[in-house]
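Every number for a ligand or one of its atoms is a count from 1 in the order of the listing.
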Amino acid sequence: MPLDMHLHLRDGIMLENIGVLSAYSFSGAIIMPNLVPPVRSKEELVAYKQRILNAVGMEAADEDEFDDIGEFSDNGGFEPYMTLFYQNYDKEFLTDVAEELTAIKLYPAGITTNSEGGVKNFDIEEMRPTLEAMAELGIPLCVHGETDGFVMDREAEFMNIYDALASNFPTLKIIMEHITTKEATQMLDKHPNLYATITVHHLIISLDDVVGGMMKPHLFCKPIAKRPEDREALLKIALDAHPKVMFGSDSAPHPKDKKESCGCAAGVFTAPIALQLLCEIFDKHGKLANLQSFVSDNAQSIYGICPEFKEVTLVEKEFSVPQDYKGVVPMYAGETIGWSIEDVD
Ligand SMILES: [Zn+2]
């Protein structure tokens, strides 16, 4: 039951085009709420979930278009685990919406795609009623942890805020999303209530791959890929399947012209090749036995979720990554990767 614990499915035509790619090989995914406008009410959340289910169901009938990723079985087993966009919510509202959501996602204001309405200053007392209510109701807080400092230092600088959140709200589960630095990996052992997701691209690339030679817009994302030693630190806890670490692709589709343009949008699109790449990485390091924990079991125990059964068979066989999936360019577009999805049951 592969789980993608950080996924952008967008909305409208983009959702209809790419939702099925995640639903094919994943049992479920934590769905990010940074739409325009962001998901902030129960009505918006329920309606968005329904649009996702519709998009996945609709496209499931349309098998031919995606021949190159393998045969579709039925897509029944895909659970969108919904999130709200963090703002100060009162307990009454949270109690009412708790059954419909899995987590709340906090963005610092303006730090990434569609995050303008996020948190401006991290005043613990201002946030206390909301965060205490979330802790009581067992709603985890997912955090995009970057300051507005120098781009390479933003995540490391945010560790003070994680410290403050984790120690002020010791019963709140806090997930450091898409961590990219060794500083973040060290935080995991500092607070019992801190967890993390790691993307597949941050296990593979460093900043050199983005801007060290010709600029690669399709590898440009937030947080930006860091130094080789940061990647090594991420690899270590991922390959060991550290029990507080989960896979979250942060797969973030943008139309090709928004990536290959002056003012390139941030986001790497990996959803259709994430599992294959993870197999390749874990196999290369002799750690395939830990992949199940990294991509499913850890998330199930951290979030307390029981996804529907889905068994994905991967084989060490070359897969030619398409140039694009309905106008969205994936990582490794036009290249060959070492593993393929053989079957999904
Ligand atoms: Zn994201």
Side-chain angles (χ1 to χ4, degrees), residues 3-11 14-15 18-19 21-22 26 28-40 45 48 52 80-87 101-119 140-148 151 154-155 158 161-162 174-181 184 195-205 210 217-226 234 238 245-255 258-259 264-274 277-278 295 299 303 328-331:
L3 294 166
D4 183 347
M5 302 311 280
H6 185 127
L7 178 64
H8 297 271
L9 284 182
R10 313 298 191 204
D11 210 347
M14 179 64 90
L15 166 62
I18 56 95
L21 298 168
S22 290
F26 287 90
I30 295 268
I31 309 298
M32 291 298 131
N34 57 332
L35 306 179
V36 187
V39 182
R40 284 180 293 205
L45 182 135
Y48 184 34
I52 293 169
Y81 296 105
M82 304 305 291
T83 63
L84 279 179
F85 190 92
Y86 182 91
Q87 60 186 31
L101 61 72
T102 304
I104 294 182
K105 173 73 186 289
L106 186 155
Y107 291 91
I111 206 73
T112 190
T113 308
N114 305 335
S115 65
E116 291 73 18
V119 173
L141 178 73
C142 301
V143 181
H144 182 119
E146 289 194 289
T147 66
D148 58 1
V151 69
R154 286 174 190 174
E155 184 173 291
F158 200 88
I161 299 175
Y162 280 131
I174 301 168
I175 294 126
M176 303 185 286
E177 295 295 329
H178 44 53
I179 59 171
T180 59
T181 56
Y195 303 84
T197 57
I198 300 181
T199 74
V200 67
H201 53 283
H202 288 118
L203 294 176
I204 299 173
I205 62 170
V210 189
H218 298 291
L219 297 180
F220 171 67
C221 63
K222 300 284 180 68
I224 193 128
K226 305 291 189 313
L234 299 173
V245 169
M246 308 164 271
F247 173 63
S249 71
D250 198 16
S251 180
H254 292 281
K258 292 277 189 288
K259 294 290 288 177
C264 167
V268 180
F269 183 56
T270 53
I273 55 166
L277 292 177
L278 286 171
V295 84
Y303 273 92
V328 180
V329 179
M331 189 178 182

Margin query: For distances below 2.8 Å, what is the count of protein N, O or S atoms around the Zn ion (ligand 1)?
Written below: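 There are 3 of them.
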Notebook entry, point to check: Tell me, do Ile179 and Glu155 make a side-chain contact under 4.5 Å, heavy atoms counted?
Noted result: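 Yes. Closest side-chain heavy atoms under 4.5 Å.
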Notebook entry, point to check: Do Ile175 and Leu141 have side chains that get closer than 4.5 Å, going by heavy atoms?
Noted result: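 With C-beta onward as the side chain, the pair stays apart.
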Notebook entry, point to check: What do you reckon, are the aromatic ring centroids of Tyr107 and Phe85 less than 6.0 Å apart?
Noted result: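 They qualify: ring centres under 6.0 Å apart.
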Checklist line | By ring pair (Phe, Tyr, Trp, His ring centres under 6.0 Å) - contacts of His178 (at least two apart) | finding: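 By the ring pair (Phe, Tyr, Trp, His ring centres under 6.0 Å) rule, His178 matches His6, His144.
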Margin query: Please tell me whether Lys226 and Thr180 have a donor and an acceptor in their side chains that are separated by less than 3.5 angstrom.
Written below: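 Yes, a side-chain donor-acceptor pair sits under 3.5 Å.
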Note to self: Checking side-chain polar atoms at under 3.5 Å, does Ser249 have a donor or acceptor matched by the opposite partner on Asp4?
What the structure shows: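 The answer is yes; a qualifying pair exists.
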